[in-house]
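Letters go in sequence order (proteins before strands), and every chain restarts at 1. Any value given below was found using the heavy atoms of this structure, including those in side chains, with hydrogens, waters and symmetry copies removed.
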Amino acid sequence: MSSLLREAPAILSSATHAAPAPAVLAEDVTKRYGEGVHVVDAVRGVSLAIDPGEIVALEGPSGSGKTTLLSILGCILTPTSGRVAIAGRCVESAGPAELAAVRRRSIGFVFQQYNLFPALTALENVAYALQVKGARRDARPRAKAALEAVGLGDRMHFLPRDLSGGQKQRVALARAIAGNPPVVLADEPTANLDSASARRVLELLRQLAHDRGHALLIVTHDVAVRAFADRVLVMRDGRLVA
Amino acid sequence: MVDLALKMLLHDRVRTAITVLGVTFAVSLVLVQTGLFLGAMRNASAVIDHSSADLWITAHDAANVDFAQIGPASIVERVRAVRGVARADNLLVGFILISLPTGSQEFLEVYAMEDFRPWGFPWHVLEGNIDDLRRGPFFFLDESATRRYGPFRVGDIRELMGRRFEIIGRTAEALSFTTTPIAFMDIRRLRSLQPNLLQGQTHYVLVRLAPGADVEAVRAQLRVLLPYHDVLTRAEWSERSRRYWIVSTGLGLNMYVTVLLGALVGVVIVAQTLYGATMEHLREFGTVKAIGGGNRDIYAILGKQAVIVAVVGFLIAELSAWLMRPTLKPYGLTLVLPASVHIATGISALALCLGAAAISFRKVARLDPALVFRS
């Protein structure tokens, strides 16, 4: 595994390699907070790999380290030790600017609280994310296409306050996939939704992951997510137990 | 392009309005206070600045043009004899009583010469011929007197020191720092009104140099000739007159303190509202970071918002200062705002807002993008 991580870029760019390289790869990842007697290991020796087009659900009780692991895989936090590769790029020792570049190029996020910009319409929310990722002239047409892909073609010019929870989450989903990132990380995407909206969002996630080849990791408490995932991982006390 | 900075400002209208008002308040205060100060200073030296005299001969240590000190009028003959002097004339500046149609009496500041025209007095004649002053008991009155003396017309009669004088002309812009209305009169008429005080006396001697004459050389001769007088260039005398009012009235200190307080209040309001807005939008800025943006993207948002607020606040303040001019005029107050004041105030407003925004930069730089996962 460790050799795979070090060589991840080479492997991904190799046309002769038989199996597709994992979009997300973590090896023996640990995240430690605090010092001395107040040390807390939020993540302990976690290793995992997610292939393109694969949907993985990550379950576990509160405080088990799910969100910390998600932050590490999302290049928001760096691990205390271990190796992480996103879309073939080793990131465990990358600086803030490099991590931001990986987030721009390779990762889409879906948040529990949607985290839409309240001042921007649905279309502008998606277009702005594309702008941050480097798109300029074609940001709006691409945003429009992403919103149509999530079934919000008729709500493009609505502000978030005028959208239902499910619609907001679909805008967030459109924002996550608009840049066509190889990795989509979703943090409790159905936690604030009614069951019908949750089902719709999950169906969209599955369809987009399978059709477009996004590697999808969903952190969840929702048992309904199990049915949509290709694989379910369970965390407890910072470790993967299943 | 989606302009997140502008959209956030427009979305949070009340907060934006408060921030803009803060800038408007500070800039208005600075503009009005500075404008009034410069207006008062312009009035303080208006007569000197509009005269075409190259040199003013005044009593030693004379404070300002309004509070003149008398001396023998005969010195003008000696001045005229100096090489390099093309012309020299006496000027009397006195305060006399004018009786109004209401029966009340007010003070009137009178400028009196034998011949005004060669000296460029008065510089803005609305009505009448200044040469006619020599023909009888006449005077020109500045239109600014209307506020103090009530309406008047050419042909009206007024009593000056108990004697009847006819108004034969109207002037404009002849203002003094004291706000006492200014009149122009033949020098013999003024002396006849206060013979004990003014007969054979003068307050100033105005000097015009001959073409090609060296001002310092002429001045040196005059100083030798008149050791108990000051010989000042127009610029020196103008500056001394203004300085007197700045120092003696505390006007300068008042202006600086007001400008400083205005700017301080503006900074506090703008900094507080911009910082508050940043705190309120931390999750959004965290999202910008999470989707791949850097601190520079957020600084650009905050910076742009500061620039927008500064420009809008400045323009509103400029408009209000412009609208204020006609309101102040009836009170004898003039806003003098040269381009340099507008430019300096605009740059200061911009710097103020950017500085206020920069207070938030530190918070943003430390922003943990992981906060986007918190519910």
Considering only heavy atoms, which portion of [X] lies under 4.5 Å from any heavy atom of chain B: side chain, backbone, both, or neither?
X	value
A:R140	side chain
A:A129	both
A:Y128	both
A:R137	neither
A:D187	side chain

**Message:** Taking every non-hydrogen pair under 4.5 Å, which of B:L10, B:D297, B:V288 racks up the most with chain A?
**Reply:** B:V288
**Asked** Pick from A:A119, A:G134, A:G179: which one has the most heavy-atom pairs with chain B under 4.5 Å?
**Response** A:A119
**Message:** For the CZ atom on A:R136, are there more than 12 heavy atoms of other groups (residues, nucleotides or ligands in this structure) within a distance under 6.0 Å?
**Reply:** yes
**Message:** Could you check whether atom CG of A:D237 has more than 12 heavy atoms from other residues, nucleotides or ligands sitting under 6.0 Å from it?
**Reply:**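 No.
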If I take atom [atom1] from residue [X] and atom [atom2] from residue [Y], how far apart are they, to the nearest 0.5 angstrom?
X	Y	atom1	atom2	answer
A:F111	B:R283	CZ	CZ	9.0 Å
A:R175	B:T287	CZ	OG1	6.0 Å
A:F117	B:H11	CZ	NE2	12.5 Å
A:R104	B:I291	CZ	CD1	10.5 Å

Nearest heavy atoms of [X] and [Y], plus distance in Å:
X	Y	answer
B:G293	A:A100	O-CB, 4.4 Å
A:F109	B:A290	CE1-O, 3.1 Å
A:E124	B:K7	OE2-NZ, 2.7 Å
B:V2	A:L120	CG1-CD2, 3.7 Å

**Message:** A side-chain contact here means heavy atoms from C-beta on lying under 4.5 Å apart; do B:E284 and A:P118 qualify?
**Reply:** yes
